Amino acid sequence: MIDSLPGTAPEATVPWRSRHLFDVDQLTRDEIAGCLDLAAEMRSLRDRGERLDVLHGRALGLAFAEASTRTRVSFEMAAAALGAQVVELPIPASSVGKGESLADTLRTLERTGIETVVLRHPSAGAPYLAARSCGMRIVNAGDGTHAHPTQALLDALTMRDALGGLDGRAIAIVGDIGHSRVARSNIHLLTALGASVRLAGPPAWLRGFNRWPGVTVTTNLERALAGADAVMALRVQRERDAGSGVPSLAEYSRRWGLDDERMDLAGPDVPLLHPGPTNEGVELTAALAAGSRSLIGRQVQNGLAVRMAVLALLAR
Ligand code: CP
């Protein structure tokens, strides 16, 4: 059993300055690299069957006010793998449903001895409000259209594994950029690691993004894909009124949907990522999602390792 952080990689010992994880833009390049190195190391240790009880005796709350499969389950698995006790609090089933405020709900969790809360919320900025309302550490598991930091970290680990590094790489992100917290966190993180980002999709979903340093914006899918080192497809977020930005899903799929033929514009071996959940037949074909270039399953597996690293780094 290992009860302290593995530190064979020097970067793995880079401490985080913050008690909270709101978004990746709060992290330095060294802190990001240290987190990815630690995640890779934790992944190896787990693969070897070694236990990592660095959170033994700690309690973690999972407060989710929006649907989730990957993020919720992988945080629960990550906390358990580190020896923490996990308390699930689906917000719709909590006393919020009786009118209690989120702030009072968080203070109630804190009084029971929970030290860290993983929060998913439909309102952008909810994690910042949460951190001001209680003394617990807050980990943002997705807030509205604002940020999804652990998704960006697991995407970066997956791309780093596939490409050998991100410095100087060109990453194409295709689809519903405007409603995507995944896109925003990925833009911060990829450019911080030296990659350039190409955004492609319908004009209504690209507004404002041309002002980001290191980012190019185009409605021309072919131009975004040509010579890209990796391609990320995004889900059309109908729950956030994304349908109003395109004439129809069929038209979106016809002009910006990804398949193997379009991926060939990037190159025969260029990897395909998608944060999930996917709408097969809309933003990508089922054959592409299940094919040899798809890293979608690998992203889910890396989500566990990255969330273990994040929880361990924040607990120090
Ligand atoms: N990518 C992602 O956040 O998936 P879930 O909504 O299933 O957690």
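Bear in mind that the values here come from a model prediction, so they are computed numbers and not experimental data. The basis for the numbers below is simple: all heavy atoms, side chains too, and nothing from hydrogens, waters or symmetry mates. Heads up: numbering here begins at 1 and tracks the sequence. Order of listing sets the numbers, starting from 1, for every ligand and every atom in it.
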Problem - Nearest option to atom 8 (O) of ligand 1, as decided by whichever heavy atom of Ala67, Ser68, Ser74 sits closest - result: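 Looking at heavy atoms only, the winner is Ser68.
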Problem - Qualifying residue for side-chain contact (heavy atoms from CB on, under 4.5 Å) with Phe75, from Thr116, Val118, Val86, Leu304 - result: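 Running side-chain contact (heavy atoms from CB on, under 4.5 Å) over Thr116, Val118, Val86, Leu304 with Phe75 returns exactly one hit, Val118.
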Handout entry: Matching residue for Leu199 among Val174, Ile187, Asn210 - test: side-chain contact (heavy atoms from CB on, under 4.5 Å)
Key =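 Only one of Val174, Ile187, Asn210 forms a side-chain contact (heavy atoms from CB on, under 4.5 Å) with Leu199, namely Ile187.
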Exercise for the section: Please indicate whether any nitrogen or oxygen in Pro275 is less than 3.5 Å from any nitrogen or oxygen in ligand 1. Expected result: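 Between Pro275 and ligand 1, an N or O pair is found under 3.5 Å apart.
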Problem - Distance-only N or O hit between ligand 1 and His148, under 3.5 Å - result: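 The answer is yes, given that His148 and ligand 1 share an N or O pair closer than 3.5 Å.
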Exercise for the section: With heavy atoms under 4.0 Å as the rule, classify the contact between His274 and ligand 1 as side chain, backbone, both or neither. Expected result: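 Neither; nothing of His274 gets under 4.0 Å from ligand 1.
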Practice task
May I ask whether Gly276 places a heavy atom under 4.0 Å from ligand 1?
Solution key: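 Flag set, Gly276 near ligand 1.
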Exercise for the section: Report yes or no: does a heavy atom of Glu66 sit under 4.0 Å from some atom of ligand 1? Expected result: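 Distance cut 4.0 Å: Glu66 fails for ligand 1.
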Problem - Distance-only side-chain donor-acceptor flag, Thr150 / Arg307, under 3.5 Å - result: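 Present: a donor and an acceptor within the cut-off.
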Problem - Check: Glu100/Thr105 side-chain N/O donor and acceptor closer than 3.5 Å - result: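 Checked: Glu100/Thr105 side chains pair up, N/O donor to acceptor below 3.5 Å.
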Exercise for the section: Give the cluster check for Leu102 versus Val117: same hydrophobic cluster or not, with ILVMFWY residues linked at side-chain heavy-atom distances below 4.5 Å. Expected result: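 Yes, Leu102 and Val117 fall within the same hydrophobic cluster.
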Problem - Heavy-atom pair of closest approach, residues Val197 and Ile173 - result: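 Result for this residue pair: CG1-CD1, 3.9 Å.
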Problem - Which of the ligand 1 atoms, numbered from 1, are nearer than 4.0 Å to a heavy atom of Thr69 - result: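 Ligand 1 atoms under the 4.0 Å threshold to Thr69: 5 (P), 7 (O), 8 (O).
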Practice task
Run the numbers for me: atoms of ligand 1, each under 4.0 Å from some heavy atom of Gln151, listed by number.
Solution key: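 Under 4.0 Å from Gln151, ligand 1 has these atoms: 1 (N), 2 (C).
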Practice task
Walk me through it: do Met308 and Leu45 pass the test side chain to side chain contact (heavy atoms under 4.5 Å, CB included)?
Solution key: CA-CA 12 Å; Met308 287 173 71; Leu45 291 168; over 6 Å; no
Problem - Identity and separation of the nearest protein heavy atom to atom 6 (O) of ligand 1 - result: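 Going by distance alone, atom 6 (O) of ligand 1 is nearest to Arg120 NH1, 2.9 Å.
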